[in-house]
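This report refers to the structure that appears directly beneath it.
Treat the numbers as computed from the prediction; the structure is a model and nothing was measured.
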There are 4 protein chains.
Amino acid sequence: MFKITIGSKTFEMKTINVTVWNEYIHEQTDPAVAERYPKGIHNTIAEGLQPYNFNIRTATLEQPEHGLTKEVLDQTDVLIWWGHLAHEEVADEIVERMYERVLNGMGLIVLHSGHFSKIFKKLMGTTCDLKWRIADEKSRLWVVDPAHPITEGIGEYIELEEEEMYGEFFDIPAPEQLIFISWFKGGEVFRSGCAYHRRQGKIFYFQPGDERYPTYHNHEIIKVIANAVIWAASPHGAAPTFGNAEPLEDIN
Amino acid sequence: MFKITIGSKTFEMKTINVTVWNEYIHEQTDPAVAERYPKGIHNTIAEGLQPYNFNIRTATLEQPEHGLTKEVLDQTDVLIWWGHLAHEEVADEIVERMYERVLNGMGLIVLHSGHFSKIFKKLMGTTCDLKWRIADEKSRLWVVDPAHPITEGIGEYIELEEEEMYGEFFDIPAPEQLIFISWFKGGEVFRSGCAYHRRQGKIFYFQPGDERYPTYHNHEIIKVIANAVIWAASPHGAAPTFGNAEPLEDIN
Amino acid sequence: MFKITIGSKTFEMKTINVTVWNEYIHEQTDPAVAERYPKGIHNTIAEGLQPYNFNIRTATLEQPEHGLTKEVLDQTDVLIWWGHLAHEEVADEIVERMYERVLNGMGLIVLHSGHFSKIFKKLMGTTCDLKWRIADEKSRLWVVDPAHPITEGIGEYIELEEEEMYGEFFDIPAPEQLIFISWFKGGEVFRSGCAYHRRQGKIFYFQPGDERYPTYHNHEIIKVIANAVIWAASPHGAAPTFGNAEPLEDIN
Amino acid sequence: MFKITIGSKTFEMKTINVTVWNEYIHEQTDPAVAERYPKGIHNTIAEGLQPYNFNIRTATLEQPEHGLTKEVLDQTDVLIWWGHLAHEEVADEIVERMYERVLNGMGLIVLHSGHFSKIFKKLMGTTCDLKWRIADEKSRLWVVDPAHPITEGIGEYIELEEEEMYGEFFDIPAPEQLIFISWFKGGEVFRSGCAYHRRQGKIFYFQPGDERYPTYHNHEIIKVIANAVIWAASPHGAAPTFGNAEPLEDIN
């Protein structure tokens with residue numbers, strides 16, 4: 001946070017602290033993925049977000065505490081999550097730590113196969129299951145809420161030549177704000193951009209991003225993620241208090 | 001309403017009064033439509049609904065007061081609406097009468113091109129505009145809320161070999177319950193089953209049913225409409241009172 | 001399910017199977033509660049629901065499998081839940097069994113202190129924490145969605161002379177349908193009637209019912225619970241399938 | 001819009017253009033109101049918003065085109081609306097102009113008795129009726145969505161010593177985001193902070209602000225309005241296109 005004064009007006013500038021988390025396995029075991037994302041999906045996303053002036057760090061599964069120490073999470077305004085093969089290897093203690101941070105105001109952006117992550121399932125209260133197909137298939141993400149800031153700078157839809165199909169039924173609570181619906185060439189649709197509030201925190205699920213495709217090199221996809229960071233980092237209210245409460249008015 | 005006693009238990013049986021409204025122009029001017037719907041879309045829908053034991057009447061634009069006299073509307077639990085060419089010919093006075101009835105608890109089911117009807121636009125507060133294309137095109141309506149009673153008896157989707165495409169952005173308020181999302185072969189998606197409450201009344205918009213196609217001869221489409229009738233006729237609460245109100249508690 | 005034919009019309013009659021669950025501890029340990037609810041809160045609710053022609057059984061914590069065997073849950077259309085002191089004593093295996101049944105279409109009505117039950121917290125994905133106060137305090141439940149069937153037969157509000165206060169912030173996801181908001185004399189408000197869908201199942205949380213007060217002898221409270229049973233037992237759609245899916249259209 | 005470069009980072013600064021509209025009648029006819037708001041409610045709000053660095057102009061009913069020329073509205077990012085006595089004197093043509101601007105992305109903040117304004121009723125599609133009482137009565141606005149940016153800097157509630165009571169049932173569509181619920185000493189509750197999207201535009205209704213009370217001199221009330229301005233001015237997506245659409249995919 002810093003201030004700038006121009007003429008008689010002073011602006012508060014808040015730099016958003018973003019942590020991009022990746023399980024970082026495919027890139028180290030699959031040569032085709034390694035070629036596509038030589039420094040890992042997390043670094044491709046981080047580089048894509050460079051123009052947006054966030055303070056970005058990355059973290060991966062293999063690091064101590066998966067790179068998500070209490071200090072890191074306390075300093076994170078928005079956490080971006082990519083995982084696929086190793087959801088079960090994420091320690092419950094770290095999941096609980098993220099959960100508390102979301103309830104206390106940290107934004108969370110869950111990408112693609114992260115739908116099955118422990119943290120997303122715990123926050124949704126459902127299985128987050130879905131249909132899927134790997135067929136190098138065209139998809140098109142249609143904007144269905146053009147008032148939402150996450151759609152800024154995007155046209156009526158985003159077209160991806162090749163992506164993994166995710167299809168309905170997607171076993172999530174009805175999105176509080178449904179922002180994108182995807183069309184897939186094979187005949188399915190998917191609620192592919194879904195926003196939620198949980199206590200003081202904001203959550204956005206975004207469907208694209210299978211490791212087989214260069215999706216995170218796509219500027220429109222990065223733009224949506226950047227918009228989601230700004231949305232998820234927007235201010236929130238005070239922490240509520242719970243438990244036994246004295247009356248505010250005379251009861252008798 | 002009548003009662004049946006079986007052993008020690010008494011059941012109240014409510015017969016739902018349904019009015020199927022149709023502007024009834026295409027069928028009288030276009031031979032192809034006349035062949036498809038010889039007695040009019042309204043009568044095809046009414047016949048389709050026969051197995052569901054509703055009390056059904058029909059009404060059309062050309063009748064006095066468009067067949068929607070005060071008496072008819074007062075006796076209507078659920079109004080089904082099909083219109084296309086002549087939205088502007090529906091008298092404002094009748095629109096106002098329907099509007100009052102919806103707010104006071106009458107269910108309203110708006111079909112297909114009824115998205116541009118005066119009554120739907122007035123209740124939504126938006127233009128209800130959309131994209132469209134007539135290309136004898138396959139569509140598939142995916143269930144995205146399988147807890148909703150309107151989906152009873154329907155599989156994971158309904159497939160229609162040929163329908164008019166309606167595409168996003170659909171200029172409506174975000175549905176309170178989004179029940180169907182449609183896939184169209186030409187590349188679009190559409191929020192095709194949308195539920196709303198307005199004061200004591202329930203509203204359901206359902207996309208299929210262009211006059212060029214035999215959609216209302218499709219048993220699954222009729223099943224959805226029947227389910228929607230039952231949902232829209234389900235009980236509601238008391239009429240609220242408005243205006244200057246005495247305090248219920250001692251203020252001083 | 002049975003059928004009745006009257007003249008040319010045949011009606012399908014579905015009898016709703018309700019299980020009322022109670023931890024049943026206060027009534028066995030606190031003489032004042034025992035006097036108020038001599039056969040337990042579960043039996044008071046079951047007796048209150050008699051006029052509504054449900055098939056009702058009860059179940060309690062102390063029974064084997066808490067009275068919620070697989071067979072019982074499979075035969076339950078709607079489960080009503082009251083618990084307070086012993087949430088942690090409900091076995092995780094039984095919670096998982098209930099969870100699966102809700103996702104597969106069983107209705108769930110969570111009463112009062114059940115907000116802290118394992119099953120409700122798991123389905124909500126939040127802590128479900130709140131403010132509370134025991135002060136024999138007047139509350140008033142205002143209807144804010146008079147189109148909802150749960151409000152049938154209720155006036156503009158229900159007044160309770162004495163209840164426990166529950167106050168905001170209530171740490172739940174925003175209700176999909178907010179039906180009642182409570183006023184408390186001591187100065188708080190509470191979202192006291194909240195409806196959700198989870199996959200094929202319907203959930204209703206209803207705030208009143210502390211064991212210190214005769215709330216479940218109140219006909220309006222029982223009426224709301226009966227309405228909620230009918231709503232939660234209303235039909236649902238087919239079970240979705242998940243996993244790898246063949247394309248429905250030619251992709252190439 | 002201007003840019004600031006600090007080190008290697010460049011920030012885009014958008015100054016929000018706010019128009020505060022007031023019918024400005026009470027202040028010119030009622031000495032008590034004139035004393036409370038000597039320059040009119042609009043100027044009190046505008047002065048209250050000074051610290052937030054918006055570009056603010058005001059407009060009133062008596063001006064040509066009510067001060068809302070096409071040019072003014074085109075340059076307005078967020079319109080704040082206060083009206084009470086003269087809703088019917090607002091020209092339909094100006095209402096239509098505002099309506100188009102909201103659909104095209106202008107934010108709209110409707111205050112207090114503006115619930116009955118033509119523009120709010122048109123956008124809601126309902127009567128927006130409610131209960132009311134003038135009794136110099138305490139109210140308390142409870143935050144029920146602390147993740148929402150509109151609650152930034154506000155505690156768990158705002159207390160107003162004296163305000164007009166507005167009570168349920170409030171005849172609006174269920175808010176897409178319900179942010180505040182008010183408690184009134186006389187026994188009522190009210191959904192007092194309600195957010196909606198309409199196509200590209202964002203709308204916030206906020207209950208406090210009867211002309212009899214010094215509500216717009218209250219810093220917390222002004223803070224909520226400032227937060228709402230920032231929220232309503234946040235980016236939106238592209239203008240959708242409507243009408244006949246060529247297929248994006250090969251249909252045959």
Side-chain angles (χ1 to χ4, degrees), chain A residues 2 4 6-13 15 50-55 102-105 107 138 140 142-157 159 176-177 179 183 185 196-203 227 230-241 245 248-249, chain D residues 2 4 6-13 15 50-55 102-105 107 138 140 142-157 159 176-177 179 183 185 196-203 227 230-241 245 248-249:
Chain A
F2 54 94
I4 297 175
I6 300 171
S8 64
K9 298 193 176 186
T10 299
F11 296 85
E12 286 196 354
M13 308 294 296
T15 304
Q50 281 307 320
Y52 297 94
N53 280 318
F54 308 134
N55 278 342
V102 170
L103 295 184
N104 295 332
K138 187 186 279 189
R140 193 175 283 109
W142 285 92
V143 171
V144 296
D145 185 359
H148 204 287
I150 284 180
T151 68
E152 195 261 317
I154 303 298
E156 295 202 71
Y157 57 84
E159 202 169 292
E176 297 171 19
Q177 298 179 310
I179 303 169
W183 176 97
K185 182 149 188 167
Y196 300 89
H197 288 182
R198 288 293 179 270
R199 201 191 294 175
Q200 294 170 278
K202 301 181 188 79
I203 302 168
N227 290 345
I230 295 167
W231 170 79
S234 70
H236 56 75
T241 60
L248 301 163
E249 301 287 324
Chain D
F2 54 93
I4 297 176
I6 300 173
S8 64
K9 299 194 174 186
T10 299
F11 296 84
E12 285 195 355
M13 310 293 297
T15 304
Q50 280 307 321
Y52 297 95
N53 281 317
F54 309 133
N55 278 341
V102 170
L103 294 184
N104 296 331
K138 186 186 281 189
R140 190 175 285 112
W142 285 92
V143 171
V144 296
D145 185 0
H148 204 288
I150 286 179
T151 67
E152 195 261 317
I154 303 298
E156 296 201 71
Y157 58 84
E159 201 169 293
E176 297 171 20
Q177 297 179 308
I179 303 169
W183 175 98
K185 180 148 190 170
Y196 300 89
H197 289 183
R198 288 293 180 269
R199 199 190 296 176
Q200 295 170 278
K202 300 179 189 80
I203 303 168
N227 290 344
I230 295 167
W231 169 78
S234 69
H236 56 75
T241 60
L248 301 163
E249 302 286 325

Indicate yes or no for a side-chain donor-acceptor contact from Glu156(A) to the backbone of Thr241(D) under 3.5 Å, with no hydrogens or angles considered. yes

What residue in Lys138(A), Arg199(A), Lys185(A) has the most heavy-atom pairs under 4.5 Å with chain D? Arg199(A)

Sub-4.5 Å side-chain heavy-atom contact between Gln177(A) and Glu176(D): no

Please name the pair of heavy atoms, one in Pro146(A) and one in Ala238(D), separated by the smallest distance, quoted to 0.1 Å. CB-O, 3.9 Å

Ranking Asp145(A), Ile150(A), Ile154(A), Asn227(A) by heavy-atom pairs under 4.5 Å to chain D gives rank one to Asp145(A)

From NE2 (His148(A)) to NE2 (His236(D)), nearest 0.5 Å: 13.5 Å

Sort Gln50(A) into side chain, backbone, both or neither according to what part of it lies under 4.5 angstrom from a heavy atom of chain D. neither

Under 4.5 Å to a heavy atom of chain D? For Leu248(A) that would be both

Interchain contact, Trp231(A) with chain D, by part (heavy-atom threshold 4.5 Å): neither

Looking at Ala147(D) and Gly201(A), what are the two nearest heavy atoms and their distance? CB-O, 3.6 Å

Which atoms of Tyr52(D) come close to chain A, meaning under 4.5 Å heavy atom to heavy atom: side chain ones, backbone ones, both, or neither? neither

